[in-house]
Amino acid sequence: MPLIRPASHDDPRLSVFSAYTDAELRDPRQLVGLARSLDASADPNRLAAGLFIAESANVIERALDAGAVPVALLAEERWAPSCAALAERARAVAPEAPAFVVTAAERRAVTGLERTRGPLAAFLRPTPADPAALVAGARRMAVLEDITNYTNVGAVFRSAAALGIDAVLLTERCHDPLYRRAARVSMGTVLQVPWARVDGAWPALLRAAGFVTCALALADDALAIDDARLREADRLALVLGTEGDGLAPATIAACDVVARIPMAHGVDSLNVAAASAVAFWETRVREA
């Protein structure tokens, strides 16, 4: 796919990188005009699933590996040589998707971002996963309750991918794993670890599938996270809460057990991303 040098940073085909907030990219009602700007002959409903922006070659590669369909690519001149293979991969999936090359100043004018960690690509959002299907095929899961920091969401997913978590469930208020910053911090693993949104009935869903649900919380009667009863559970779901307040009391009450990470030097807790990594490691499935 030849890289296109736009005549102006006002080229309407670049608007996917400049004119939409993350929430608008998830709302197909906001994208009707964009669909025609990108390709006037294309089906105007092709963006009905919404879009997400991938930042860096690594995240773009993982998105393509996961089967995500590209809509447009934007690279600075300095990244153009290394983006040639990405552009070819994108062309093989979506021949109509333009790949632009711009100067650093033009990229700043288009995106409003002072810097990016590599090229940007817009992709169609994948079809949302069915929570019941994820639960059916997993032995180790994480449930994220109302985590509203994109960096932490991305870091939890990176740990989940590295440390044997089969799938992640997110409550409705939890931030979007496909948001640009979250996906970048995750090193693209938000496109590898299956995840789904769930409503308040998720404890019953997990319990019906034979999961032990374990709330990570500060409680006097909590088990240590390395307790043998946790790591020997056939199916285990670790439930992690928001950075400030932790898990809601009702959530803790709905879980089968409570666990905490033993601390030293008067420290009472870890950041949720760090805590997730410790918990995922300690409770991972050990192969015989």
Side-chain angles (χ1 to χ4, degrees), residues 129 131-132 134-136 138-161 163-177 182 190 193-285:
L134 297 189
V135 170
R139 293 185 65 190
R140 291 292 183 269
M141 298 191 72
V143 181
L144 308 187
E145 181 183 74
D146 300 350
I147 297 179
T148 56
N149 179 292
Y150 288 116
T151 298
N152 283 338
V153 170
V156 170
F157 267 87
R158 187 173 180 182
S159 295
L163 300 172
I165 296 298
D166 300 310
V168 177
L169 302 179
L170 300 97
T171 61
E172 293 173 341
R173 291 177 57 196
C174 198
H175 274 179
D176 181 19
V190 295
V193 179
W195 58 271
R197 294 281 182 185
V198 289
D199 59 23
W202 61 262
L205 174 67
L206 289 168
R207 190 168 294 110
F211 273 85
V212 174
T213 53
C214 174
L216 267 71
L218 302 177
D220 293 338
D221 59 349
L223 300 177
I225 194 62
D226 60 353
D227 190 286
R229 287 168 288 183
L230 297 178
R231 64 172 179 267
E232 291 171 5
D234 182 56
R235 310 188 86 185
L236 179 69
L238 296 165
V239 187
L240 298 125
T242 186
E243 295 80 2
D245 299 327
L247 293 170
T251 300
I252 297 172
C255 289
D256 299 310
V257 295
V258 180
R260 65 185 299 171
I261 299 168
M263 297 282 147
H265 301 294
V267 177
D268 63 354
S269 64
L270 296 175
N271 165 278
V272 66
S276 73
V278 174
F280 296 163
W281 171 257
E282 288 291 354
T283 60
R284 70 194 185 282
V285 174

Under 3.5 Å, is there a donor-acceptor pair between the side chain of Glu145 and the main chain of Thr242?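 The answer is no, because no donor-acceptor pair under 3.5 Å joins these two groups.
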Please check: side-chain N/O of Trp195 versus main-chain N/O of Val190, any donor-acceptor pairing under 3.5 Å?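 The answer is yes, because a donor-acceptor pair under 3.5 Å joins these two groups.
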Kindly assign one of parallel, tilted or perpendicular to the pair His175 and Tyr150, based on the angle between their ring planes and the thresholds 30° and 60°.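 Parallel.
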Taking atom CG of Leu240 and atom OG of Ser276, what is their separation to the nearest 0.5 Å?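 Going from the CG atom of Leu240 to the OG atom of Ser276 covers 6.0 Å.
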Rounded to the nearest 0.5 Å, what separation is found between the CZ atom of Phe211 and the SG atom of Cys255?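 Reported to 0.5 Å precision, the distance equals 13.0 Å.
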Any heavy-atom pair between the side chains of [Y] and [X] that's under 4.5 Å?
X: Val135; Y: Met141; value: yes
X: Leu230; Y: Ile225; value: yes
X: Leu223; Y: Val258; value: no
X: Thr213; Y: Pro203; value: no
X: Val239; Y: Cys214; value: no
X: Ile165; Y: Arg284; value: no
X: Trp202; Y: Thr251; value: yes

If you take all heavy atoms of [X] and [Y], which pair is closest and at what distance?
X: Val193; Y: Ala167; result: CG1-CA, 4.1 Å
X: Val156; Y: Val272; result: CG2-O, 4.3 Å
X: Arg197; Y: Pro177; result: NH2-CD, 4.3 Å
X: Arg140; Y: Arg231; result: NH2-O, 3.2 Å
X: Ala138; Y: Asp166; result: CB-CB, 3.6 Å
X: Ala129; Y: Leu134; result: CB-CD1, 4.1 Å

Full working for side chain to side chain donor-acceptor pair (under 3.5 Å) between Thr171 and Asp146: CA-CA 6 Å; Thr171 61; Asp146 300 350; 2.8 Å; yes
List the residues meeting salt bridge (charged side-chain N to carboxylate O under 4.0 Å, His left out) with Arg139, not counting sequence neighbours, and say none if there are none.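 For Arg139, the residues satisfying salt bridge (charged side-chain N to carboxylate O under 4.0 Å, His left out) (neighbours in sequence not counted) are Asp234.
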Checking side chain to side chain contact (heavy atoms under 4.5 Å, CB included) between Val212 and each of Thr283, Leu206, Leu236, Leu238, which is the one that passes?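 Passing option: Leu236.
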Can you list the residues that meet the ring pair (Phe, Tyr, Trp, His ring centres under 6.0 Å) rule with Phe280, with sequence neighbours excluded?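 Per chain and number, Phe280 pairs via ring pair (Phe, Tyr, Trp, His ring centres under 6.0 Å) with no residue.
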